[in-house]
Amino acid sequence: MSRTRVAVLISGRGSNMAALIEAAKRADYPAEIALVVSNVPDAGGLATASAAGIATTTVDHRAFGKDRAAFERALQDVLVQHRIELVCLAGFMRLLTPWFVAQWPQRMLNIHPALLPSFKGLDTHRRALEAGVKLHGATVHFVVPEMDSGPIVAQGAVPVHDQDTEAALAARVLAVEHRIYPLALRLVAEGRVSVAGNRCRIAKAAAPHTALIVPLD
Ligand code: GRF
């Protein structure tokens, strides 16, 4: 079985990237992390990827000034050179133009630290606490030109506790991110995800019948 060649795009510490690398170590995982690309030269995740023996490269957006198109062409060139078939955004902090998104139709995933479509954008945990939600979580979705939108492949929910700080909530969500990203990538790489409108159908997948209710009585 040939494994899907995946590039992970990062800007920072790369803990989701590390979770994908870890999952892909299994011989039966249908994707291999063939490349890690950072737009930030000193992103912590680059060292983690190198230590795992994975090819890394930096495409520094600052070198392109305001020329977003040139930055993205350079990014695309690198992906093509490495024969990448699927892109995973993992804490990649650049907005992508419709041109770049169009190069990867249903071939680019993103992870967002909230239950979309709630809390698009930044500071999701602070905003979730301010909004008083009892359930929060994370989402893996296909990338479309509109930010933090696109068909949802997988979500994981966590309870919000009364005593939660932003950091405590972030840590709880991050643990779920590290589970749902490898899951979503596996499902996509196995060809089990089909998109109809805004919905993803997952072939041969069960969903739990239990509800997550907060608070407990
Ligand atoms: C994660 O919370 C991810 O959901 C968001 O940015 C953060 C990146 O963390 N898009 P890491 O670099 O994967 O540790």
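Order of listing sets the numbers, starting from 1, for every ligand and every atom in it. Everything quoted here is computed from the prediction, not taken from an experiment.
Checked against the 6.0 Å centroid criterion, the rings of His125 and His136 qualify as a close aromatic pair.
If you check which protein heavy atom lies closest to atom 9 (O) of ligand 1, you get Arg13 NH2, 3.3 Å. Atom 5 (C) of ligand 1 has Pro113 CD, 3.9 Å as its closest protein atom, hydrogens excluded (heavy atom only). Summary of contacts: the protein heavy atom closest to atom 12 (O) of ligand 1 is Gly14 N, 2.8 Å.
Residues Leu9 and Cys88 form no side-chain contact, since every pair of their non-hydrogen atoms from C-beta on lies 4.5 Å or further apart.
On a distance-only criterion, His112 and ligand 1 share no N/O pair closer than 3.5 Å. In terms of N/O distances under 3.5 Å, ligand 1 is approached by Ile111.
Sorted by first and then second residue, the side-chain hydrogen bond (donor to acceptor under 3.5 Å, both in side chains) pairs involving residues 197-217 (not counting sequence neighbours) form an empty list.
Taking a 4.5 Å side-chain heavy-atom cut-off between Ile, Leu, Val, Met, Phe, Trp and Tyr, the cluster of Val144 contains only that residue.
A side-chain donor-acceptor contact under 3.5 Å links Arg172 to the backbone of Pro159.
Residue-ligand proximity, Gly91 to ligand 1, at heavy-atom distances under 4.0 Å covers atoms 6 (O), 8 (C), 10 (N). Of all atoms in ligand 1, numbered sequentially from 1 with element shown, those under 4.0 Å from a heavy atom of Glu177 are 1 (C), 2 (O), 3 (C), 4 (O).
Under 4.0 Å is where a charged nitrogen must lie from a carboxylate oxygen, and between Lys120 and Glu146 at least one such pair does.
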